[in-house]
Amino acid sequence: MLSLVIPIYNEIYLINELVSRIVKAIELFTTDYEIIFVDDGSTDGSLPALLSFYQENEHIKVLCLSKNFGHQPAFTAGLEYSKGDIIAMMDGDLQDPPELLADMFRKIQADGFDIVSGKRTGRKGKSPRNLYTWMFHLLFGSVAGLINIENTGNYSMMTRDALNAMLSMKEKNRYLPGLRSFIGYKHGFVEYIRDDRYNGKSKMSFYKLMILATDAIFAFSRFPIRFCMILGMMGTIVFMVAGMYVLIAKIFGFAIIGWSSTLLSIYFLGSVQLIFMGIVGEYVYRIYKESQNRPLYFVKKFHSRQID
Ligand code: UDP
Ligand code: MG
């Protein structure tokens with residue numbers, strides 16, 4: 001059986017199109033499937049719309065979370081409730097063409113891949129969002145030390161074994177594409193050009209995207225801590241040179257009695273230390289979150305015919 005997991009947060013304007021396109025795309029290659037829509041606390045009527053599809057189509061299930069927990073926890077919830085032998089995850093805004101599911105499925109079944117990720121070879125549209133997504137992928141790709149990660153997002157399909165491996169990592173600050181690459185296994189790709197979203201506005205605000213990017217970088221690289229070290233070392237060298245200059249100036253009597261250089265270095269050192277404390281704070285915050293060990297999400301109700 002194939003499980004397809006799709007998180008939904010206020011997507012009322014595209015649910016009809018979404019459901020008809022994915023059902024059509026999936027039924028081309030299998031009739032044994034479930035689609036789990038995870039309602040991530042929608043407030044715009046997405047849930048009633050999903051429930052009416054649930055009434056009509058026995059393959060559709062709806063997992064209602066108790067409030068908005070965010071994109072990655074919503075995916076995790078859907079994945080944990082999935083029952084399939086092959087599991088796919090896809091955003092609900094039709095930026096990722098559902099027609100590729102057939103290729104992914106074939107690669108797993110016929111070519112023996114454990115994971116197949118969608119690789120974006122380009123993006124339609126010219127929003128600033130595309131620019132900072134591109135910048136994130138460039139930075140993350142070079143610092144994370146992961147393979148099979150460049151230009152991939154959540155859109156992917158994997159076997160039950162690979163999913164179990166991925167879900168065995170219980171960290172609270174989750175970046176699923178990173179976890180998916182971390183586990184290894186035989187990893188293939190299907191390439192595509194990423195569309196603009198079909199309708200409505202992005203549900204990932206700039207702030208949410210920034211948090212996701214920081215989570216990814218902190219979870220998969222030592223870059224922030226290295227950055228502190230390198231900046232600290234560079235600062236030390238600069239101050240050793242400056243110190244030598246001051247000493248020489250003193251000895252040879254051309255030192256200028258001034259406060260501006262003193263003041264500047266105090267400001268400079270003060271702000272560098274604040275940045276460092278901020279970075280260390282990010283780590284402490286993450287350790288704190290892990291030690292609280294709160295569940296990632298709460299489920300209000302799982303609408304599924306197997307349980308009803
Ligand atoms: N989403 C969600 N919870 C959130 C934000 C987004 O479940 O808090 C869903 C959203 O409905 C969509 C998917 O996650 O199906 C991706 O969101 P979006 O397209 O807005 O993100 P973007 O592509 O702009 O990064
Ligand atoms: Mg989107």
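Counting starts at 1 for both ligands and their atoms, following the listed order. Source: prediction; values computed, not measured.
Of all protein heavy atoms, the one closest to atom 17 (O) of ligand 1 is Met204 CG, 3.9 Å. Annotation: atom 1 (N) of ligand 1 to nearest protein heavy atom, Tyr9 CB, 3.7 Å. Remark: minimum distance from atom 19 (O) of ligand 1 to any protein heavy atom is reached at Asp93 OD2, 2.5 Å. Taking atom 18 (P) of ligand 1 as the reference point, the nearest protein heavy-atom neighbour is Arg197 NH2, 3.4 Å. Nearest non-hydrogen protein atom to atom 14 (O) of ligand 1 is His71 CD2, 3.0 Å. Of the protein's heavy atoms, Ser202 OG, 3.8 Å lies nearest to atom 22 (P) of ligand 1.
Across all non-hydrogen atoms, the minimal contact from Gly92 to Ile6 is CA-CG2, 3.4 Å.
For ligand 1, the atoms lying closer than 4.0 Å to a non-hydrogen atom of Asn68 are 3 (N), 4 (C), 8 (O). Near Glu11, the atoms of ligand 1 lying under 4.0 angstrom from a non-hydrogen atom of the residue are 10 (C), 11 (O), 12 (C), 15 (O).
Of all the heavy atoms of Val38, none lies under 4.0 Å from any atom of ligand 1, so neither backbone nor side chain is involved. Counting heavy atoms closer than 4.0 Å to ligand 1, residue Asp40 contributes side-chain atoms (C-beta onward) but none from N, CA, C or O. Under 4.0 angstrom from ligand 1, the non-hydrogen atoms of Lys203 come from both its backbone and its side chain.
The heavy atom nearest to atom 23 (O) of ligand 1, considering only Arg194, Gln72, Lys201, Gln95, is found in Gln95.
At a 4.0 Å cut-off, at least one heavy atom of Lys208 sits close enough to ligand 1 to count as contact.
Counted within 6.0 Å of CE on Met277, heavy atoms from surrounding residues, nucleotides or ligands total 12 or fewer; the atom is thus considered open. Taking a 6.0 Å sphere around CD1 of Ile147, one finds it holds 12 or fewer heavy atoms contributed by other residues, nucleotides or ligands.
Here the CG-CG distance, from Asp85 to Asp32, works out to 8.0 Å after rounding to the nearest 0.5 Å. Distance check, rounded to the nearest 0.5 Å: CG of Leu139 to CZ of Phe136 gives 7.5 Å.
Evaluated for a ring pair (Phe, Tyr, Trp, His ring centres under 6.0 Å) with His59, the options Tyr54, Phe53, Tyr33, Phe37 yield exactly one hit, Tyr33.
Checked against a 3.5 angstrom limit, the closest N/O atoms of Gly92 and ligand 1 fall inside it. Polar contact with ligand 1: present for Pro7 (N/O pair, distance under 3.5 Å).
The OE1 atom of Gln95 and the OD2 atom of Asp93 subtend an angle of 100° at the Mg ion (ligand 2), given to the nearest 10 degrees.
Ring-centre distance between Phe206 and Tyr132: below the 6.0 Å cut-off.
Ring-plane geometry between Phe220 and Phe140 is classed as perpendicular, the angle between the planes exceeding 60 degrees on a 0 to 90 degree scale with a lower cut at 30. His187 and Phe189 have parallel rings, their planes meeting at less than 30° on a 0 to 90° scale where 60° marks the start of perpendicular.
Residues Ser42 and Asp44 bring no donor and acceptor atom of their side chains to less than 3.5 Å of each other.
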